[in-house]
Every structure is written in C-alpha cells, then in structure tokens.
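Report on the following structure.
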Amino acid sequence: MLKIATWNVNSLRVRLEHVLAWLKEHQPDVLALQETKVTDDKFPVDEFIALGYQVTFSGQPTYNGVALLSKEPLSTIDNVLPGMEDDPQKRFLAGTYEDIRIINVYVPNGAVVNSNKYLYKLKWLEALYKYAIIQNAVYDKAIIVGDFNIAPKDADVHDPEEWVDKILVSPAERDALESLHNLGFIDTYRQFEQEENSFSWWDYRAASFRRNRGLRIDLILTNQILSTFCKQCHIDVEPRRLEKPSDHAPVWAYFEE
DNA sequence: ATGGTCGTCTAACGA
C-alpha cells in the first residue's frame, strides 16, 4: 500500500507545525508541497528527517517553491521543466519513488484571463503537457500532483455562474487540463463517489471557508496503469480549520495492488 | 455581520 499526498502550504516556515502534525497523523509515503516560499539554505530539513522523511526541494525567495517529502529516497530528480529553462520561478519537481514517477507542480495562477501572467500559465501548461508525454512513455506508473490553479469542472466551483470565464476556470486552462486527461492522466478524485461541494482551496477573504465558497484546484492525476491501483482519494479539510491555516487543504490518494 | 486576508526582502505585490 502507498499513500501520496499534495498540499499547498503557503509558506512552509509559517505552516511547519501543521505539516509536521499532519505527517505524524497520516503517514503518507510521499507528500508534495507547493508555495514553500523558502530558499534552499533555509529549508527545515532536520524537522522532517526527525520524522523519518527524506527531503528534496527547489525554492527561491518570497514566492513559489516546491518540495517532495518521502519515506524512501527519490531517484532521477528533475527540477527544471523542459522548455522553461529560462524561467526563474521554482514550480516543478519530479522524482521516482519505487517504480512510480512523481511530478509535483505549482501551476502559475494566471492573475486575469488574457494578461501576461495568463499567457505564461498557458505556456507553462504546454511545457508540462510535453513533459507528461515523455514521462508516460518512459514510466509504467506516473502521477502528477499539485496546485494546478484550474478547477476541472463546474462541479469543482462553489458558484459556477459567478466564475464563468474567470481565471482558474477559463476554457483555455480547462483545455490544457483536458489534454493531460487525453494522455491517460485522469482526475483520481473523480474515480470515486465524493460529496457535492468538495473543494481544496478557499480564499482568505470574505469568510470563504466558513461559507464553503471554494474551488477544487489541488489535483492528483494518475496515468492509465497507476489509476487501476488507486483505491481512494480524499481532501482533508481539517487543517483548514486550524489557527493560521494555509488557504489550501491537503489531498491524498491511496494505492494498493 | 452581503463581509474583504494573508505572506513576503515593511511595501507593494501576488494569490
């Protein structure tokens, strides 16, 4: 059995105690983090080693930053997305865990549809698509996890009418996600029956969490072979209820032969 | 209460 999780922590240093407590309780084999917002020299390595986790990270000052925590070491680590070599933003980290290729992404937010940041988001997603083609060809089992900053379907949006054509739901973004689906990378969450109005992110503003005005943008995509081993996928909203929470909840998937 | 927050290189910016 294997449990793989993803969590946008919105500053690892602020959220460290939440992450450590969550690891102790849930014991994932791998936890992918986004928005660590910590440089590599300041990454809290020792705290995770003490819990029995290996750490792999790619950070920068102030923004972005991704990491993989794993019970066993990763091999064949990539921290540059091919096609985005000149991009200073640290949003990508891949490694192999046992026989599973794990790709951790913090997809650009995109700000406003048709803005420069939006075009950057689409370019980044195109590079991810090309990378996914290759990884899917090389590895039998592959998984893409992270903050996609895309709500796949209207069922993943608290008020679809309010959000029509807005960032995180616009057609071009959803098409980019659909092209990953066409490679065989399916949205593991929807392999199973789930409660309605299940979201993974709630804006800090306007009491969004209390009113459950959220979006499901933190996703676990598995390729065709790995998806046959997936037995469960769950969003854990409990950490969102804590004092000084991340605006995102962790999501995990459980695999069994 | 029809609301307006966080986190970061404390000052705007990004989400």
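Keep in mind it's a predicted model, so treat the numbers as computed, not measured. In the text below, chain A, chain B and the rest are named by the order of the sequence lines, each starting its count at 1. In what follows, every heavy atom counts, from backbone to side chain, and hydrogens, waters and symmetry copies are set aside.
- Residue contacts shown for A:Ala207 are absent, as no nucleic acid heavy atom lies under 4.0 Å away.
- One interatomic measurement links the two molecules: CD of A:Glu35 to C1' of B:dC6, which rounds to 11 Å at whole-angstrom precision.
- Rounded to a whole Å, the CG atom of A:Asp159 is 18 Å from the P atom of B:dT2.
- Of the side-chain N and O atoms in A:Ser11, one or more sit less than 4.0 angstrom from OP1 or OP2 of B:dT8.
- Contact annotation for A:Tyr106: backbone-only contact, meaning every heavy-atom pair under 4.0 Å involves sugar-phosphate atoms and none involves a base.
- In this structure, A:Arg213 atom CZ and B:dG4 atom P are separated by 14 Å, rounded to whole Å.
- B:dA15 atom C1' lies 5 Å from atom CG of A:Asn109, rounded to whole Å.
- Nearest nucleotide to the A:Tyr63 side chain, out of B:dA15, B:dC9, B:dC13: B:dC13.
- Salt bridge status for A:Arg241 with A:Asp236: absent, with no side-chain N to carboxylate O gap under 4.0 Å.
- The phosphate of B:dG14 (OP1 or OP2) has no side-chain N or O of A:Lys37 nearer than 4.0 angstrom.
- The side chain of A:Lys117 sits closest to B:dA15 out of B:dG7, B:dG3, B:dA15.
- Residue A:Trp202 contributes atom CH2, which lies 16 Å from atom C1' of B:dC6 at whole-angstrom precision.
- Between the C1' atom of B:dG14 and the NE2 atom of A:His248 lies a distance of 12 Å, rounded to the nearest Å.
- Distance noted for atom C1' between B:dG7 and B:dA1: 26 Å (whole Å).
- A:Trp201 has its CH2 atom 8 Å from the C1' atom of B:dA15, to the nearest Å.
- Side-chain contact, A:Trp201 with A:Asp218: no donor N or O sits under 3.5 Å from an acceptor N or O.
- Nucleotides B:dC9 and B:dA15 place their P atoms 16 Å apart, quoted to the nearest Å.
- Nucleic acid contact class of A:Arg91 (heavy atoms, under 4.0 Å, all strands): sugar-phosphate only.
- Of the listed nucleotides (B:dA1, B:dC9, B:dG14), B:dC9 has the atom at the smallest distance from the side chain of A:Pro61.
- A centroid separation of less than 6.0 Å is found between the aromatic rings of A:Tyr131 and A:Phe92.
- Proximity of A:Arg211 to the phosphate of B:dG4: no side-chain N or O atom is located under 4.0 Å from OP1 or OP2.
- Residue contacts shown for A:Arg15 are limited to sugar-phosphate atoms, with no base heavy atom under 4.0 Å away.
- In this structure, the side chains of A:Arg213 and A:Glu162 come closer than 4.5 Å at one or more pairs of heavy atoms.
- Looking at A:Asp29 and A:Lys3, no side-chain N of the basic residue comes within less than 4.0 Å of a carboxylate O on the acidic one, giving no salt bridge.
- Comparing A:Asp147 and A:Thr36 along DNA chain B, the residue whose closest nucleotide (by nearest heavy atom) sits nearer the 5' end is A:Thr36.
- Between the P atoms of B:dG4 and B:dT8, the separation comes to 24 Å (whole Å).
- Comparing B:dG4, B:dG3, B:dC9 by their closest approach to the side chain of A:Thr62 singles out B:dC9.
- In this structure, CG of A:Asp247 is placed 12 Å from P of B:dA15, rounded to the nearest angstrom.
- Side-chain contact of A:Gln27 with A:Lys71: a donor-acceptor pair under 3.5 Å is present, judged by distance alone.
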